[in-house]
Amino acid sequence: MSIRVRFAPSPTGHIHVGNLRTALFNYLFAKNQNGQTILRIEDTDTVRSTLESEELIYKDLDWVGLEFDESPLFEGDYSPYRQSDRLDIYKKYADKLLEDGFAYYCFCSKEELDAEREKAAKESRPPLYNLKCANTSLDEAKKRIANGEKPAIRFRAFKENIIVKDIIHGDIDFPTNSFGDFIIVRPDDMPIYNYVVVVDDALMKISHVIRGDDHLSNTPKQALIFEALGFETPIFAHIPMIVGDDHAKLSKRHGTTSVEQFRDNGYLPEALINYLALLSWSSDDGKEVFSIDELIERFSIKRVSKSAAVFDFDKLNWMNGQHIRLLDSDRLFKECLPYMKSIELLTDEFIEQNIYRLKECLLSVKDSLVTIKDVTQNISVYFKQPDDITSAAKEILELESTKPVLENFIQLIGDDEYLTIDRYKSIMKEIQTTIGVKGKPLYMAVRVGISKSTEGPELDSLTTLIPVKCIKKRIEKVLLIKK
RNA sequence: GACCCGUUCGUCUAGCUUGGCCUAGGACACCUGCCUUUCACGUAGGCAACAGGGGUUCAAAUCCCCUACGGGUCGCCA
């Protein structure tokens, strides 16, 4: 049997990390097993689905690097891949179900059903359909339809128990009287999720259905339909949900949750993917930092745990830092570019002319970045002296030795455009011997002179990547504060 | 309420199938030391968990039962 999996989002907005994790597990499983990945757009809810949202899904998937073998964009052998384009197919199988007696027309009104449900709730019995239309013959129903009535189509729960085979949870036995006969097509002819998903999965030859375990309770209904239609039931794998720190389903109020937001906040796609992979899955040797290819190689659906995972922003931050440290200079530059442009002095022209130096600056702050967004903060010291001096820096400034150190430094710095590392070192040595200041008071004085701060990139980088002219000006300014 | 699912450090998890190697391992966070003439990075340590109760067994995180708690579903949403 060839392995085929699908990711089937509804186009109702940006992809949420929970959905992305589902997409990822499908993808990793398929790639690991040499299977195919299918992206299907589930837009039977015409009220909430939009084409714009569909575009957002493509965009998000593209950013994280998840490519699907078949999708509305790359039609394969099982087109179309958008449910709204498959309506006639659903119609055909609904008719078959009707003919075979696995489904029947239901003329009960929504109001009627709502009242019934309410009544059931009051009497604290399960809100099952009362089977009012269950025995209406197909011929009679057709007559009523000819007379202008608009019925829904209801599926008959035709057996008492159904066993769902799930890789993660094992076999689960559901009594069908816990849900009863259920609607598969609305009176306006729009088919319902639990039904279309079966037709699509069967026709698209999906071998494994990997999805969130919030769908577990729907699965017996779907398994019933697979049987009624004579299709082979796929193997299920219901993966645990991702929850917030309050253990409720992850949602907007927990902070950043959409893929787009993570991108905008300076997270690397490979870091997000890596972090998400570690939610409910772990490698057999405890290693945690992986490239996507390594994840594919190591992924096993059998190592997915059963319990919900709390999304931990701290660990994602750490993971992002790990992946930033893995970036080469070119990629780092590319990722940082949009953020560098937000720094006032860095015009497109300036960036164009200073690529080499900028890359060096980026390299010098790389290890301190948590998100790519942080470059703005970290790198700005190279281009502009901060307006304010930190209190720790002020203490250095108060030192008696600081003034002579700085004055000497400007004097020795020379007229070259930039200081070389050797030149810088010899200057420091010279100051040390002439005024006898060494260690912290010496190095910190220069650091504070340049950046008004005791923190930041290495002094080597600061002194060699800032033009000599600017260093002079900066130190002169700081000397002014001293007076 | 009914039906399902779940429960190991604060968090992510390993271990559970095939009981003993578990004095329960790793990671994030936190704390401490080291490194770095700064912060960060890195590095070496530390803190910290088998939901509870009954069984079975020479031996239980691991097998069985019960309880508690958490979650999901019960739509003419997906």
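Throughout, a chain's letter reflects where its sequence line sits, starting with A, and its residues are numbered from 1.
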Check: Hey, does A:T454 reach any base, or is it just sugar-phosphate, or nothing, if we go heavy atoms under 4.0 Å?
Finding: base
Next on the checklist: For a quick check of understanding: with a heavy-atom distance under 4.0 Å over all strands, which category does A:K306 fall into, base, sugar-phosphate or nothing?
Outcome noted: sugar-phosphate
Taken in chain and number order and not counting sequence neighbours, the residues that satisfy salt bridge (Lys or Arg N to Asp or Glu O under 4.0 Å) with A:K132 are A:E112
Sequence neighbours excluded, the answer for ring pair (Phe, Tyr, Trp, His ring centres under 6.0 Å) partners of A:F311 is A:F262, A:Y275, A:F313
| message | Within the 4.5 Å heavy-atom criterion, are A:L229 and A:F102 side-chain neighbours or not? | response | no
A correct 5'-to-3' footprint of nucleotides 9-14 of chain B, with B, S and - meaning base, sugar-phosphate only and no protein heavy atom under 4.0 Å, is --SBSS
Under a 4.0 Å heavy-atom cutoff, the residues of residues 161-180 of chain A touching RNA chain B are A:H169, A:I172, A:F174, A:P175, A:S178
Contacts satisfying side chain to side chain donor-acceptor pair (under 3.5 Å) that involve residues 385-395 of chain A (not counting sequence neighbours) are A:K384-A:D387
Mate of B:G45 across any strand shown (Watson-Crick or G-U wobble, both atom pairs under 3.5 Å) is B:C31
With respect to the phosphate group of B:C76, does any side-chain polar atom (N or O) of A:R117 fall under 4.0 Å of OP1 or OP2? yes
In numerical order, the residues of residues 361-370 of chain A whose heavy atoms come under 4.0 Å of RNA chain B are A:D367, A:S368
Taking B:C41, B:G75, B:C77 as options, the one with an atom nearest any side-chain atom of A:R325 is B:C41
When A:L316 and A:M444 are each assigned the nearest nucleotide of RNA chain B, the 5'-most assignment goes to A:L316
In short, ring-ring contact (aromatic ring centres under 6.0 Å, His included) pairs touching residues 374-406 of chain A with sequence neighbours left out are A:F350-A:F383
side-chain contact (heavy atoms from CB on, under 4.5 Å) filter on A:Q377, not counting sequence neighbours, yields none
Can the positive tip of A:R154 be found less than 6.0 Å from the middle of the six-membered ring of A:Y129, inside 45° of the ring normal?
-> yes
Item to complete: Please state whether the phosphate of B:U73, meaning OP1 or OP2, lies under 4.0 angstrom from any side-chain nitrogen or oxygen of A:Q222.
Response: no
Sequence neighbours excluded, the answer for ring pair (Phe, Tyr, Trp, His ring centres under 6.0 Å) partners of A:F226 is none
Partner of B:C77 under the Watson-Crick or G-U wobble criteria, both distances under 3.5 Å, comes out as none
pair_partner(B:U37), Watson-Crick or wobble, both distances < 3.5 Å, evaluates to none
- Quick one: label A:H215 by what it contacts on the DNA or RNA (base, sugar-phosphate, nothing), any heavy atom closer than 4.0 Å. base
Across every strand shown, the nucleotide meeting Watson-Crick or G-U wobble geometry with B:C3 (both distances under 3.5 Å) is B:G72
Residues 308-328 of chain A vs side chain to side chain donor-acceptor pair (under 3.5 Å), sequence neighbours excluded, gives A:Y267-A:N317, A:N274-A:H323, A:E288-A:K315
Answer yes or no: does a side-chain N or O of A:S453 lie under 4.0 Å from OP1 or OP2 of B:C39?
no
Integer angstrom distance from the P of B:C31 to that of B:C41: 12 Å
**Study point:** Same-atom distance (P) from B:A27 to B:G70, integer angstrom
**Key:** 33 Å
What residues 109-116 of chain A contributes to the RNA chain B interface at heavy-atom separation below 4.0 Å is A:S109, A:K110, A:L113
Walking RNA chain B from its 5' end, the first of A:R186 and A:R447 to be reached, judged by nearest nucleotide, is A:R447
Looking only at B:G72, B:C76, B:U37, the nucleotide nearest the A:Y443 side chain is B:U37
Contact between A:F7 and A:L66 at the side-chain level, heavy atoms closer than 4.5 Å - yes or no?
no
Practice item. With heavy atoms under 4.0 Å as the rule, sort A:S49 into base, sugar-phosphate or nothing. Key: nothing
Provide a list of protein-nucleic acid N or O atom pairs under 3.5 angstrom, restricted to nucleotides 30-32 of chain B.
none

